[in-house]
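Nothing here was measured: the structure is a model prediction, and the numbers come from that model. All residue numbers in this chain count up from 1 along the given sequence.
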Amino acid sequence: LNEAADYRFYTKPLLIPLLYILLYISTQDTSHHRSRLLISLALLFCFMGDVLLLNENNVSYFTFGLGSFLIAHICYIIFFYRLKAFIKRGIPLIFLSALFISAFITWLLSVMWPRLTDRNFEIPVTAYAVTIGFMLLTAINTANSRRLQKLAYIYFIPGPLLFVLSDSMLALNKFYLIAQPIPGIFLMITYGAGQFLIVKGAIRVIKK
């Protein structure tokens with residue numbers, strides 16, 4: 001069992017470097033240097049977060065890992081917002097999406113709150129939850145662009161959704177007393193697929 005649980009120490013740190021290599025090779029001739037830089041920075045901070053969270057039972061490592069992922073999501077937010085800013089015509093989609101995202105985040109925080117308060121993690125986890133929720137919202141907003149609509153439905157919406165799902169399962173495992181913890185393989189698959197879809201979609205945009 002221990003050997004099966006330890007696979008993540010070898011596989012998780014490999015994911016982001018492989019995605020960065022894919023990004024680098026696929027976008028060498030791009031003129032969208034800022035977009036490429038934002039995705040590169042997001043991947044860098046995700047990699048740092050992955051490495052730090054391998055020691056998630058250590059409070060300092062967990063806190064800095066959370067901070068690294070928060071910065072990564074800010075990079076993704078800027079990337080998505082530069083692709084498509086919020087406009088009046090897109091208000092219905094954004095309003096409904098924001099409603100569902102807010103409801104989900106509120107529910108998630110409420111079920112974890114007792115253990116968050118016990119460990120003094122209320123502020124960092126709440127800040128992270130709001131940030132990743134806003135990242136998802138800016139990703140959904142790309143569907144309001146006719147030019148990006150196909151990419152949004154194939155990459156930019158499913159990718160962040162899987163990212164949120166992975167982080168939610170991780171949070172429930174850590175801060176909610178589940179009788180049977182969610183297997184790590186599900187967390188890895190959703191996280192890896194989410195990151196891959198975001199990067200793949202970004203490559204499609206940056207190459208143009």
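By the rule that hydrophobic residues join a cluster once side-chain heavy atoms approach within less than 4.5 Å of another member, Leu22 and Val205 end up as members of one cluster. Hydrophobic clustering (ILVMFWY, side-chain heavy atoms < 4.5 Å, transitive): Leu44 and Val51 are in distinct clusters. In the hydrophobic clustering of this structure, Leu53 groups with Met112; members are Ile, Leu, Val, Met, Phe, Trp, Tyr whose side-chain heavy atoms approach within less than 4.5 Å, directly or through other members. Connection of Phe47 to Leu18 is not established within any shared hydrophobic cluster, with ILVMFWY side chains joined at heavy-atom distances below 4.5 Å, either directly or through further cluster members. Linking Ile, Leu, Val, Met, Phe, Trp and Tyr whenever their side-chain heavy atoms come within less than 4.5 Å leaves Phe64 and Leu116 in two separate clusters.
Of the possible polar contacts, none joining the Thr126 side chain to the Ile123 backbone as a donor-acceptor pair under 3.5 Å is found. Asn58 places a side-chain N or O within donor-acceptor distance of the main-chain N or O of Tyr61, the cut-off being under 3.5 Å.
Residues in residues 34-54 take part in these salt bridge (charged side-chain N to carboxylate O under 4.0 Å, His left out) pairs, two or more places apart or across chains: Lys12-Asp50. Pairs engaging residues 114-123 under the side-chain hydrogen bond (donor to acceptor under 3.5 Å, both in side chains) rule: none recorded [sequence neighbours left out].
Taking every heavy atom of both residues into account, Ala129 and Ile132 meet most closely at O-CG2, 3.3 Å. Residue Leu108 comes nearest to Ser168 through the heavy atom pair CD2-OG, 3.8 Å, listed as atom of the first residue, atom of the second, then distance. Closest approach of Gln149 and Ala143 over heavy atoms only: NE2-O, 3.1 Å. Pairing each heavy atom of Ala152 with each of Thr142, the nearest pair is CB-OG1, 3.3 Å. Residues Ser68 and Met48 approach most closely at OG-CB, 3.9 Å, considering heavy atoms.
Taking the side-chain contact (heavy atoms from CB on, under 4.5 Å) definition, one finds that Leu37 meets it with Leu41, sequence neighbours left out. For Lys200, the side-chain contact (heavy atoms from CB on, under 4.5 Å) partners two or more places apart in sequence, or in a different chain, are Tyr155, Phe196. Asp167 is linked by a salt bridge (charged side-chain N to carboxylate O under 4.0 Å, His left out) to nothing, counting only residues two or more places apart in sequence or in another chain.
The line from CD1 of Ile74 to CG of Leu38 is 11.5 Å long, rounded to the nearest 0.5 Å. Here the CG-CG distance, from Leu151 to Leu197, works out to 11.5 Å after rounding to the nearest 0.5 Å. Atom NE2 of His73 and atom CZ of Phe163 lie 4.0 Å apart (nearest 0.5 Å). Taking CD1 of Ile203 as the reference point, atom CD1 of Ile25 lies at 9.5 Å (rounded to 0.5 Å). Rounding to the nearest 0.5 Å places OH of Tyr20 at 9.0 Å from CG of Leu43. Separating the OG1 atom in Thr138 from the CZ atom in Phe134 is a distance of 6.0 Å, to the nearest 0.5 Å.
Between Cys46 and Tyr191, the closest side-chain pair of non-hydrogen atoms falls below 4.5 Å. Using a 4.5 Å heavy-atom threshold, the side chains of Leu70 and Leu66 count as separate. In this structure, Met135 and Thr131 have side chains that are not in contact, with every pair of non-hydrogen atoms separated by 4.5 Å or more. For the pair Leu23/Ile206, a side-chain contact is recorded, criterion being any heavy-atom separation below 4.5 Å from C-beta on. With a 4.5 Å cut-off on side-chain heavy atoms, Ile101 and Val164 do not count as touching. Residues Ile140 and Leu136 are in side-chain contact: their nearest non-hydrogen atoms beyond the backbone lie under 4.5 Å apart.
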Does the pair Phe62 and Phe121 meet the rule for a ring pair (Phe, Tyr, Trp, His ring centres under 6.0 Å), with working shown? CA-CA 10 Å; Phe62 179 79; Phe121 275 126; 5.1 Å; yes
Report the C-alpha separation of Thr27 and Ile39 in whole Å, then their side-chain angles, then the decisive distance to 0.1 Å, and conclude whether the side chain to side chain contact (heavy atoms under 4.5 Å, CB included) test is met. CA-CA 11 Å; Thr27 60; Ile39 297 299; over 6 Å; no
Residues 75-100 side chain polar contacts: donor-acceptor under 3.5 Å, at least two apart:
from	atom 1	to	atom 2	distance (Å)
Tyr76	OH	Gln195	OE1	2.7
Arg82	NH1	Ser35	OG	3.2
Ser97	OG	Leu93	O	2.7

